[in-house]
Amino acid sequence: MMRLNDKAQRVDLKLATSMVALVLASMAAPALAAADDQEAAAAEGSKEDTTIIVTGTRRTDRTVAESAVPIDVFSADDFKAQPSPQLQNILKTLVPSFNQNRNLLGDASAFVRPPNLRGLPADQILVLINGKRMHRSALVQVTGDSLNAGSQGPDLSQISSPAVSRIEVLRDGAAAQYGSDAIAGVINIGLNRSDSGYNLAARYGQTYRGDGEDLQLSANAGFKLGDGGFFNITGEFIDQNVFDRSVRRPEIAPLIAAGIKPPRPTGNQLGQPSNRAYRVVWNAAVPVGDGDEVYMFGNYGWQRQSNDFNYRRPIAVSAQDIPLRPGTGTFSKSINSLWYLDRIGTDPVSGRAIFSETGRTFSETSIYPNGFVPVFEASIEDMSFVAGYKGSTEGGLKYDVTASFGRNQIRYFMYDTLNPSLGPTSPKDFYLGKVTQQEYNLNADFSYETDIGLYKPLFIAAGLEFRREAFAVGLGDRASWEPGIFGSQLVQRANGTTFNVTKPVGANGFPGFGPDSVAEGGRNNYSAYLDFEAEAVEGLDLGLAARYDYFNDFGSTFNGKFSARWAINDVIALRGAASTGFRAPTPGQQFTQNTQTNFPQGSPVPVAVQTARPDSLSATYFGSKSLAPEKSVSFSGGMVITPGGGFNVTIDAYNIVVRDRIGITSSVNLTLADQQALLAQGLSTALDLGQVNYFTNGFRTRTQGFDIVLSHRADTGVGRFNTSLAVNYNKTKVTDRKSIALSAVRPTDTRTLSLIDNTRLGNIEDSNPRWRAVLSENFTTGAFDFTARLNYFGKFTTYFAPIGSVPAGVDPVAFRALYPAPNPALNVGEWGKTFPSQVSLDFEAGFTVAENYRLAVGVENLFNTYPPVETRNAYPSTGGQANGSIYPGSAPIGQAGGFWYVRATAKF
């Protein structure tokens with residue numbers, strides 16, 4: 001397997017080291033200029049130093065600098081100068097180990113973008129709102145990136161950023177404290193608690209190319225409730241238009257030459273989907289009695305997004321081949337055979353209808369003479385409601401009792417397409433069905449402090465939790481999934497002989513959820529935890545947590561965590577933690593099943609790929625088993641340096657091993673014998689299937705890395721400087737992967753199904769940059785403020801499946817020079833390409849009038865930097881892939897290019 005070489009890694013290390021030196025110099029300059037104010041600045045300290053944290057600890061007096069595990073705290077001031085209003089994009093710019101890619105032509109993954117933290121997928125990140133678990137999205141990431149394929153995590157975009165006053169990001173395993181999913185870390189979103197005033201904001205921007213128009217309008221209001229209570233509500237409207245970064249598909253020019261006018265100039269659009277969203281987030285609390293409190297919060301959101309699918313050609317054409325790959329420039333008609341309309345009899349052996357070849361026929365070109373581009377649309381509804389009561393007894397016992405409900409529902413639609421198996425009677429627009437995720441939580445948390453002779457009192461926390469998760473797949477319109485009479489036709493020629501003609505079944509592009517896909521299931525989870533924290537001797541803080549979870553579908557699990565922090569002196573403290581964790585398979589992973597089109601190995605011909613439920617006919621045919629929970633062991637260690645003068649430095653290393661990771665298997669190609677066997681077992685769509693994959697516990701990984709965060713705050717004679725540098729190095733290695741010998745299922749089947757093939761393995765390990773850094777500077781003086789942010793993305797490597805055989809008539813030496821041969825014995829030969837590191841610069845300048853009105857202009861990616869061009873499987877006539885893409889889909893810098901915006905805010 002190709003990897004970044006040592007020299008490349010040393011170059012990245014040198015660059016990161018240079019950036020550290022640069023930021024130290026930038027921090028030193030304002031510090032020297034403020035020599036007269038140094039004593040006052042030191043007394044004030046940095047805001048991070050004294051910020052109380054509530055994530056990763058049950059105590060209520062722990063600050064960021066005192067934490068035994070790495071945690072970042074961001075306030076509304078940190079959100080103010082962000083180029084994007086979307087919460088997940090804000091996190092990407094603030095937390096270097098947090099990443100999120102844009103999935104092009106990624107079915108629903110283009111609508112609910114899965115993030116990753118420390119190289120681990122979305123469902124290994126626990127998201128809390130006001131300290132309470134956020135419900136998952138209903139989307140299971142069937143077509144997510146290599147890291148997220150198969151994951152099901154929360155949809156962060158459903159929380160409006162104007163409703164957020166604070167975000168805490170715990171970069172450490174915390175399953176022993178919070179339960180399932182907290183393997184990579186915890187993101188705790190604190191909602192606005194303001195009890196007065198009105199805040200209005202408007203933002204508009206677009207890319208340098210003039211597309212991707214993005215409008216955001218928001219309003220926030222706070223009201224007093226009784227004596228000391230509050231009600232805060234935020235409303236948001238977002239309207240985003242498409243940006244398109246496709247080049248012409250290779251068949252477009254020949255089609256135009258033949259008189260065809262494709263619906264899209266390039267064939268299909270690739271980029272940001274259109275998105276219209278309405279969201280409301282609210283937060284409230286009312287004091288009761290002497291220090292007790294009733295609290296409630298929740299959200300409601302609705303959005304509609306749409307995205308192009310691949311262009312369907314009305315005729316066959318030829319273009320220039322990919323170098324040394326004859327036949328790759330031949331593009332057949334997308335739906336390649338006619339519909340025969342005249343039935344002339346019944347086959348006496350099979351009982352099948354017989355149609356006449358010489359009678360009436362039908363072609364989809366009578367509906368779509370220029371071909372068609374199916375438009376995929378999703379309507380997402382998200383809501384939650386949380387209510388609780390917290391207080392304390394006269395004896396000092398604190399309690400917090402909470403009940404919550406969360407629901408996410410995605411309804412799918414398809415336009416401008418047809419169900420080929422229905423022939424001339426097929427509609428063109430379809431409702432495809434829906435997926436729904438619902439969660440119910442009951443929590444009772446208790447805490448107590450007692451003096452047992454240690455330096456400070458022992459802090460004890462305990463709690464109980466009940467959680468119910470339910471997932472359902474709803475039926476689509478009958479026409480969206482129905483196998484019509486034209487799905488498989490027996491056709492008789494004029495000479496009396498017969499032949500068989502098949503057509504795809506279901507809405508072309510994304511068949512609707514039919515009776516075989518409809519499912520409803522869930523599970524119950526019962527949990528109990530116990531947590532101890534104490535300063536045993538002066539300067540030495542110790543923590544111990546244990547948690548027991550029982551799931552009614554797979555049993556129980558026990559997890560623990562130990563943490564320690566030793567303050568050597570007032571400047572240096574050492575800290576570390578060791579923990580075990582787990583992630584339970586979600587009901588969505590157990591019940592999801594769908595079919596989509598794909599282009600395997602760069603083929604210009606789409607095939608149907610089914611992601612099957614583990615208990616389905618197609619999955620069990622290929623050896624699937626019931627899902628088990630993922631298990632993790634993690635270690636972290638580092639230091640905190642607070643020398644004074646506004647400086648803070650944290651350095652933390654980590655090692656996370658996750659075994660029995662759940663993901664989607666590599667796709668297995670169905671032979672005709674497989675299709676016939678599945679058809680005989682009752683799978684009506686078997687003849688349509690080209691590939692099958694399913695969810696399984698398939699592999700083990702080890703993730704290692706470190707975070708360095710440096711910050712400095714200085715008040716000078718010319719203004720205030722806030723400078724920070726955050727650097728992350730992260731390396732994931734697949735240390736074990738399973739394979740299934742199908743002879744264990746059928747003795748005559750000699751195939752072996754690799755659950756994580758070499759291509760997927762390489763992409764898991766290398767498709768994310770190992771180095772990521774953000775250097776930012778904020779300067780404020782009087783009414784003027786300026787923010788600049790330098791983003792560094794290290795090298796990354798992606799892999800395509802190798803081409804196994806040399807085409808006939810092609811020089812094998814020249815061919816293998818371009819296309820490496822697979823060598824499973826040596827675990828090399830995957831078609832890898834390393835893309836260079838890149839830097840982008842963002843800035844925003846704002847001016848505040850009368851303290852309450854601010855106008856700002858900004859640019860994201862000032863120098864209009866694009867990813868390097870993907871040259872593998874590129875057609876010489878266009879420079880792009882078969883689907884019109886030109887850039888690697890996993891490029892962290894994105895494909896929008898430069899983006900400018902204006903922003904206006906007002907406070908009343």
Side-chain angles (χ1 to χ4, degrees), residues 54-55 74-77 79-80 85-88 90-91 127-138 154-168 187-203 216-239 276-288 292-303 380-391 400-409 437-443 905-908:
V54 296
T55 308
F74 305 103
S75 69
D77 288 340
F79 311 156
K80 182 175 67 175
Q86 299 285 345
L87 190 61
Q88 65 271 35
I90 291 174
L91 283 169
V127 178
L128 308 174
I129 300 178
N130 284 350
K132 311 301 179 184
R133 179 183 288 265
M134 182 181 179
H135 60 278
R136 302 180 194 277
S137 165
D155 183 1
L156 286 169
S157 69
Q158 296 300 328
I159 303 301
S160 304
S161 60
V164 179
S165 63
R166 168 190 178 107
I167 297 177
E168 298 182 8
I187 298 173
N188 185 19
I189 301 167
L191 301 181
N192 198 328
R193 296 176 59 90
S194 175
D195 64 358
S196 63
Y198 302 89
N199 294 276
L200 304 177
R203 172 190 174 275
Q216 180 209 27
L217 302 174
S218 67
N220 173 268
F223 307 92
K224 294 183 183 297
L225 289 181
D227 185 12
F230 72 91
F231 176 79
N232 189 278
I233 185 168
T234 302
E236 180 182 49
F237 169 73
I238 290 178
D239 189 13
R276 176 163 289 191
Y278 305 85
R279 299 190 179 105
V280 176
V281 180
W282 56 281
N283 189 25
V286 179
V288 179
D292 291 6
E293 181 180 84
V294 174
Y295 59 88
M296 292 177 287
F297 59 89
N299 78 290
Y300 178 82
W302 182 92
Q303 69 185 113
I380 303 176
E381 185 181 46
D382 187 90
M383 66 178 71
S384 67
F385 180 82
V386 181
Y389 186 100
K390 62 182 179 180
D400 184 351
V401 180
T402 311
S404 66
F405 166 76
R407 179 175 178 266
N408 183 272
Q409 179 176 275
Q437 173 81 11
Q438 292 192 156
E439 298 180 23
Y440 307 83
N441 290 272
L442 294 173
N443 295 83
T905 59
K907 299 179 182 180
F908 303 97

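These values consider heavy atoms only, across backbone and side chains, with no hydrogens, waters or symmetry-generated copies. Note that the structure is predicted; figures quoted are calculated from it, not measured.
For K907, there are no salt bridge (Lys or Arg N to Asp or Glu O under 4.0 Å) partners at least two apart in sequence or on another chain. Remark: Y300 engages no residue in a ring-ring contact (aromatic ring centres under 6.0 Å, His included) (not counting sequence neighbours). Contacts of E439 classified as salt bridge (Lys or Arg N to Asp or Glu O under 4.0 Å), with partners at least two apart in sequence or in another chain: none. In this view, K132 and Y295, F297, V386, D400, T402, D445 satisfy the side-chain contact (heavy atoms from CB on, under 4.5 Å) rule, not counting sequence neighbours. Q158 pairs by the side-chain hydrogen bond (donor to acceptor under 3.5 Å, both in side chains) definition with D155, Q303, not counting sequence neighbours. Among residues two or more places apart in sequence or in another chain, the side-chain hydrogen bond (donor to acceptor under 3.5 Å, both in side chains) test is passed with N299 by D382, S384. Residues that satisfy the salt bridge (Lys or Arg N to Asp or Glu O under 4.0 Å) test with R136, not counting sequence neighbours, are D181, E469. Looking at residues two or more places apart in sequence or on another chain, you find a salt bridge (Lys or Arg N to Asp or Glu O under 4.0 Å) between D195 and K224. In terms of the side-chain contact (heavy atoms from CB on, under 4.5 Å) criterion, residue partners of F237 (sequence neighbours excluded) are, by chain and number, L215, L217, D239, R276, Y278. Every residue two or more places apart in sequence or in another chain that forms a side-chain contact (heavy atoms from CB on, under 4.5 Å) with Y389 is listed here: V288, D292, V294, Y399. For R407, the side-chain contact (heavy atoms from CB on, under 4.5 Å) partners two or more places apart in sequence, or in a different chain, are E381, M383, F405, Q409, T436, Q438. When the side-chain hydrogen bond (donor to acceptor under 3.5 Å, both in side chains) test is applied to S161, no partner is found at least two apart in sequence or on another chain.
Within the model, atoms CD1 of I238 and OG of S160 stand 6.5 Å from one another, a figure rounded to the nearest 0.5 Å. A distance of 10.0 Å separates CZ of F223 from OG of S194, quoted to the nearest 0.5 Å. From I159, atom CD1 reaches atom CG of L191 across 6.5 Å, with rounding to the nearest 0.5 Å. Within the model, atoms CZ of F79 and CD1 of I167 stand 3.5 Å from one another, a figure rounded to the nearest 0.5 Å. For the atom pair L91 CG and I187 CD1, the distance stands at 5.0 Å (nearest 0.5 Å). In this structure, the separation between CE on M296 and OG on S404 is 14.0 Å, given to the nearest 0.5 Å.
Nearest heavy-atom pair across G190 and N130 is CA-OD1, 3.6 Å. Pairing each heavy atom of G131 with each of N188, the nearest pair is N-OD1, 3.0 Å. Of all non-hydrogen atoms in P162 and E236, the two that sit nearest each other are CD-OE2, 3.8 Å. When every heavy atom of N408 is checked against every heavy atom of A138, the shortest pair comes out as OD1-N, 2.9 Å.
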| Verdict with supporting geometry, R193 and N283, side-chain contact (heavy atoms from CB on, under 4.5 Å) | CA-CA 7 Å; R193 296 176 59 90; N283 189 25; 3.7 Å; yes

| message | Would T905 and N199 count as a side-chain contact (heavy atoms from CB on, under 4.5 Å) here? Give the steps. | response | CA-CA 7 Å; T905 59; N199 294 276; over 6 Å; no

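Of the N and O atoms on the side chains of S165 and N192, not one donor lies less than 3.5 Å from an acceptor on the other residue.
Contact of the L156 side chain with the I189 side chain is registered, since non-hydrogen atoms from C-beta on lie closer than 4.5 Å.
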